[in-house]
Trainee: 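Structure in C-alpha cells, see below.
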Amino acid sequence: MKYILMWLAFFAFYLGYTQELVPITKEEVIAKVKERNNTIKMAHEDVLAAKGDYNQTNTVILPNISVSHTGIATTNPLMAFGSKLNQEILTAADFNPDLLNNPSQIEDYATRIEVQQPLVNFDGIYQRKAAKAKWNATELQSERTQDYLYLEVEKAYMQLQLAYKTVGVLEKAMETAIENKRIAANSFKQGYLQKSDVLAIEVRVTEIENQLQYANSSILNASNYLSVLMNDDSNKILKPADSLLVKNKVVTEVKLSENRKDILAMNSATEAYRQMHKADQMSFLPRLNAFGTYELHDDEIFQGSANGYLFGAELEWSLFEGSKRFGKSQKSKAEYNKSKLQLEQYKSESQLELSKANRGFQDAKNKLKLTKLALEQSKEALRIRTNRFEQGLEKTTDLLMSETQFSEKQLAYFATVFQYNYALAYVQFLTKE
C-alpha cells in the first residue's frame, strides 16, 4: 500500500507535467526554424557580406565622383597670382614686379568636381569575377546549411517521438507490474508464493520507475533541443502531433551528385581562387584611366564667378615593385592548386560517407525486420505465461523475465524504427541536390 501511494503521487506529478505539453508538427518546427534559427540567419548575413564584397568591385566599371569646396587666404606670390588668375580678375597692374613679389593677402574659394573613370583595368576585371564566384559559393553553402538544419530537425523530432514511445511502453509495463504485484501479494497471503517472489516483483516495479524517470528526462532533452533549433526560449514542453512510424520509401543504389549544393559551393570557391590568380597575372599589364575636373573660383564663399575644366587620360604601367607582384602571383597559384586538391578530397570523402550511409540504411532495414519478429515472439510468450501465472502454473521469475523481455523488445523495436528513419533521412540529405 505504501508503494502504491508513492506511485500515485508520482503519477499525479507526471499528470500535472503533461498539462503543459504543447502539440507540434514537424512542418511547424521546420517553418519556425526557417524563420527564427540563428544559424540560418548568420548564413544569410554571410551571403550579404559576400554580396557587399562583390558590389565593391563596381569601381572597376563605374566612375569615382567627388565634390569639394576649399577656402584659402595667402600672400604667397605664386599662390596669390594663381588665385587671381583662377578668379579671372587679373589686370595689367598685377604684373607690377612689386605687386608680384609682395602681394596683398588674397582669398580664394574653390568648388571642385572631380571624375575618375577606369577604362582598361584587367586585374580589376578578374578580381570582380573572383568576388562573384565567392558570392555564389556563399549562397550555395547557405542553402546547404539550411538543408543540414532540416536534417537536424528531422532527427530531433524523431528523438522526441522515440522518447514519448519509450514512456508509453514503460507506463504499460508499470501497469502490468503493479497488477502482477497485486496478484503476487494475494498468492503470498494464500501460501502459494514465497516472500522472495513478492520482493522480486517489487524490484521489477522499482526498475521500471527508474526507467520512466530517465525516459521523462529524454523528453525534456529532446524538447529543449527542438526549442533551441526554433530559437524559442519559452521553455514549453513539446509533444509531437504524430507517432513514430516506419517510413516506407525505396532507396536504390545511390551515387554522389556533382550538383549537390556543398560540392557546387566548393567548385565556385575554386573558381574564385582561379580568378584571383588570373587577376595577379593581369597586374603586370598597364592600366588606362580617364579623369576630368570642373572648378568654380571666387573671392567669396560658396560663389563661383569664374570656372574652368580639365580632362584627360592616363596610361600607367608599373614595371617593377621589388618582385612583390611575382610573389603575390606565386601565392595565388598555390592557393588555387590547393583548392583543387581540397575539392577532390572533399568529393572522395563525400562519396565514402554516402556509401557508409547507404550500407547503414540497409543494415537498419534488416535489423528492423529482426526486431519486429522478436517483438511479436516476446508478446506471444508473455501472453501465454501471464495466463499460466494467473492459474498458478507459472513461476514468478519466469513471468518477470517475459515481462522484461517484452518491454526490452518493444524499446529495441522503436529504437530501430528511429535508426531506420534517420538512416533514410541521412541518405536523402547526402543525395539532395
Side-chain angles (χ1 to χ4, degrees), residues 42-68 70 112-145 258-295 308-347:
M42 288 187 288
H44 178 66
E45 294 301 323
D46 288 338
V47 173
L48 294 179
K51 183 180 179 181
D53 289 338
Y54 173 71
N55 288 336
Q56 290 183 53
T57 63
N58 287 337
T59 56
V60 177
I61 55 177
L62 297 180
N64 181 17
I65 302 175
S66 62
V67 178
S68 63
T70 306
R112 180 184 179 93
I113 302 173
E114 184 174 4
V115 179
Q116 294 177 334
Q117 174 64 57
L119 297 178
V120 179
N121 191 339
F122 293 107
D123 58 335
I125 292 173
Y126 283 100
Q127 287 173 356
R128 180 175 173 82
K129 291 180 179 180
K132 181 63 180 294
K134 179 184 175 183
W135 178 19
N136 185 50
T138 308
E139 281 186 317
L140 291 167
Q141 194 58 51
S142 175
E143 293 175 8
R144 187 62 177 174
T145 299
E258 293 286 340
N259 294 324
R260 211 174 72 180
K261 290 185 177 66
D262 54 338
I263 294 178
L264 290 177
M266 291 202 68
N267 273 317
S268 292
T270 300
E271 177 63 15
Y273 281 112
R274 188 180 77 87
Q275 297 294 350
M276 283 303 299
H277 176 54
K278 291 287 292 183
D280 290 338
Q281 290 179 318
M282 293 298 105
S283 66
F284 289 93
L285 298 179
R287 298 176 180 179
L288 179 62
N289 300 306
F291 59 88
T293 59
Y294 179 73
E295 297 184 1
Y309 65 84
L310 176 149
F311 65 87
E314 178 187 32
L315 180 66
E316 179 185 6
W317 195 352
S318 180
L319 297 178
F320 188 70
E321 294 182 351
S323 76
K324 176 182 177 181
R325 285 179 297 178
F326 292 98
K328 191 175 181 181
S329 178
Q330 184 182 32
K331 178 182 177 182
S332 62
K333 182 179 180 180
E335 289 176 339
Y336 170 51
N337 290 334
K338 179 182 177 180
S339 68
K340 290 193 294 184
L341 295 172
Q342 287 176 329
L343 175 59
E344 292 303 317
Q345 179 72 13
Y346 185 77
K347 289 198 295 188

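Keep in mind that this is a model prediction, so the values were computed, not measured.
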Trainee: If you count the non-hydrogen atoms of other residues, nucleotides and ligands that lie under 6.0 Å from NZ in K261, is the total more than 12?
Mentor: yes

Trainee: So E335 and K338, salt bridge (charged side-chain N to carboxylate O under 4.0 Å, His left out) or not? Walk me through it.
Mentor: CA-CA 5 Å; E335 289 176 339; K338 179 182 177 180; over 6 Å; no

Trainee: Charged N to carboxylate O under 4.0 angstrom, K347 versus E344?
Mentor: yes

Trainee: So, S268 versus N136: side-chain donor-acceptor pair below 3.5 Å or not?
Mentor: yes

Trainee: Which pair of non-hydrogen atoms, one from W135 and one from A50, has the smallest distance, and what is that distance?
Mentor: CA-CB, 3.7 Å

Trainee: Looking at Y126, I'd like to know if the NZ or CZ of K129 sits under 6.0 Å from its six-membered ring centre while staying within 45 degrees of the ring's axis.
Mentor: yes

Trainee: So L264 and R260, do their side chains get closer than 4.5 Å, heavy atoms only?
Mentor: no

Trainee: So, Q117 side chain and I61 main chain: donor-acceptor pair closer than 3.5 Å or not?
Mentor: yes

Trainee: Okay, side chain of S142, backbone of T138: is any donor-acceptor separation there less than 3.5 Å?
Mentor: no

Trainee: May I ask you to say whether D280 pairs ionically with R325, meaning some side-chain N is under 4.0 Å from a carboxylate O?
Mentor: no

Trainee: Between the side chains of D123 and R287, is the shortest nitrogen-to-carboxylate-oxygen separation below 4.0 Å, so that they form an ion pair?
Mentor: yes

Trainee: I'd like to know whether CD of Q342 has more than 12 heavy-atom contacts from other residues, nucleotides or ligands below 6.0 angstrom.
Mentor: yes

Trainee: What about F326 and F284, are their ring centers closer than 6.0 Å?
Mentor: yes

